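So the structure is just underneath, and the comments pick up after that.
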Amino acid sequence: PHLSYMHTVRPLLDRDLIKGMAHITGGGITENLPRVLPEGRAASISLASWKIPALFKLLQDRGRIPTDEMFRAFNMGIGMIVVCASENADVALESIREAGDENATIIGRVVAGDRDVRYTP
């Protein structure tokens, strides 16, 4: 991960709160997040949980790119996903914000499934 991400997540690593981390690069959320999920688990991502940067909307409109392809190919404004137990989510979020990422937010949850990503409105 990028050094700034390591600075941000170091307190979580030190407290053993992280179950997985996905750096969202080529392949977007759709291809990168499943790599950290165990068998029998999937991710349910709420599209309403963050504001997608205008640049991605411009690319999609000008390139006539389908929404599912946008999420497969681009990070859509999400650079790193930290996976933790639901009971630690608030503590993890506060710790990340205190470490300097004031835009950190909960974007979804881990659910039963086949190591895929499901997007919800």
Side-chain angles (χ1 to χ4, degrees):
H2 189 274
L3 288 178
S4 65
Y5 290 128
M6 288 307 299
H7 168 75
T8 304
V9 300
R10 173 58 58 197
L12 301 176
L13 290 168
D14 292 344
R15 294 167 64 189
D16 199 30
L17 295 178
I18 295 177
K19 298 221 178 247
M21 291 174 34
H23 190 205
I24 309 305
T25 58
I29 297 168
T30 305
E31 291 183 12
N32 288 289
L33 184 53
R35 294 180 183 143
V36 302
L37 298 173
E39 288 295 326
R41 307 308 285 168
S44 176
I45 302 296
S46 170
L47 297 176
S49 62
W50 81 98
K51 183 176 168 65
I52 296 171
L55 172 63
F56 295 111
K57 292 177 184 179
L58 178 68
L59 287 171
Q60 183 175 15
D61 291 344
R62 295 262 173 99
R64 293 185 224 137
I65 303 169
T67 300
D68 61 332
E69 178 64 10
M70 289 296 297
F71 278 88
R72 192 202 61 76
F74 299 102
N75 73 14
M76 305 304 283
I78 302 295
M80 174 70 73
I81 296 176
V82 173
V83 180
C84 68
S86 59
E87 62 267 17
N88 295 327
D90 290 334
V91 170
L93 184 60
E94 184 61 30
S95 179
I96 291 169
R97 287 178 176 164
E98 286 176 3
D101 187 352
E102 65 276 355
N103 294 318
T105 188
I106 296 171
I107 65 168
R109 58 192 182 93
V110 175
V111 297
D114 193 26
R115 294 183 73 196
D116 61 350
V117 177
R118 302 165 190 171
Y119 297 99
T120 61

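Heads up: numbering here begins at 1 and tracks the sequence. Please read these numbers as outputs of a predicted model, since none were measured by experiment.
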Just wondering, do Val111 and Arg118 contact through their side chains at under 4.5 Å, heavy atoms?
yes
Give me the atom names and distance for the closest heavy-atom approach of Met76 to Met70.
SD-O, 3.6 Å
Distance (rounded to the nearest 0.5 Å) between Asp101 CG and Ile96 CD1
7.0 Å
Value rounded to 0.5 Å, distance of CE in Met80 from CG in Asn75:
11.5 Å
Donor-acceptor pair, distance only, cut-off 3.5 Å: does the side chain of Arg109 make one with the backbone of Ser44?
no
For the residue pair Asn32 and Thr25, what are the closest heavy atoms and their distance?
ND2-O, 3.3 Å
For Ser95 versus Pro11, what's the shortest heavy-atom pair and its separation?
OG-CB, 3.4 Å
Do Leu93 and Leu33 belong together in a cluster built from hydrophobic side chains that touch within less than 4.5 Å?
no
For Gln60 and Pro66 the tightest heavy-atom approach is NE2-C, 3.7 Å
Is a side-chain N or O of Arg72 found less than 3.5 angstrom from the main chain of Glu31, in a donor-acceptor match?
no
Is it the case that one hydrophobic cluster holds both Phe56 and Ile24, taking links as side-chain heavy atoms less than 4.5 Å apart, direct or via other members?
yes
Heavy-atom closest pair (Ser46 atom, Ser49 atom, distance to 0.1 Å) is O-OG, 2.6 Å
Could you tell me the separation between the CD1 atom of Ile29 and the CD1 atom of Ile81, rounded to the nearest 0.5 Å?
5.0 Å
Set out, in order, the CA-CA distance, both residues' side-chain angles and the distance that settles side-chain contact (heavy atoms from CB on, under 4.5 Å) for Thr67 and Tyr119, then state yes or no.
CA-CA 11 Å; Thr67 300; Tyr119 297 99; over 6 Å; no
Just by distance, do the side chain of Thr30 and the backbone of Phe71 share a donor-acceptor pair under 3.5 Å?
yes
Spacing of CD belonging to Glu39 relative to CG belonging to Asp114, to within rounding of 0.5 Å:
7.0 Å
I'd like to know if Val83 and Ile106 are part of one continuous hydrophobic network [Ile/Leu/Val/Met/Phe/Trp/Tyr, side-chain heavy atoms within less than 4.5 Å].
no
Nearest 0.5 angstrom please: Thr8 OG1 to Leu13 CG, how far?
11.0 Å
Check the surroundings of atom CG in Asp116: do more than 12 heavy atoms from other residues, nucleotides or ligands lie under 6.0 Å from it?
yes
For Gly113 against Ala42, the heavy-atom pair lying closest together
CA-CB, 3.8 Å
For Asp16, does the CG atom have more than 12 heavy-atom neighbours from other residues, nucleotides or ligands under 6.0 Å away?
no
Check whether any side-chain heavy atom of Ile52 sits under 4.5 Å from a side-chain heavy atom of Phe74, and report yes or no.
no
Decide side-chain contact (heavy atoms from CB on, under 4.5 Å) for Arg15 and Val91; before the verdict, give the C-alpha distance in whole Å, the side-chain angles of both, and the deciding distance to 0.1 Å.
CA-CA 11 Å; Arg15 294 167 64 189; Val91 170; 3.2 Å; yes
Following the transitive rule for hydrophobic clusters with a side-chain heavy-atom cut-off under 4.5 Å over Ile, Leu, Val, Met, Phe, Trp and Tyr, establish whether Leu47 and Leu55 coincide in one cluster.
yes
Is the shortest side-chain N to carboxylate O distance from Asp61 to Lys57 below 4.0 Å?
no
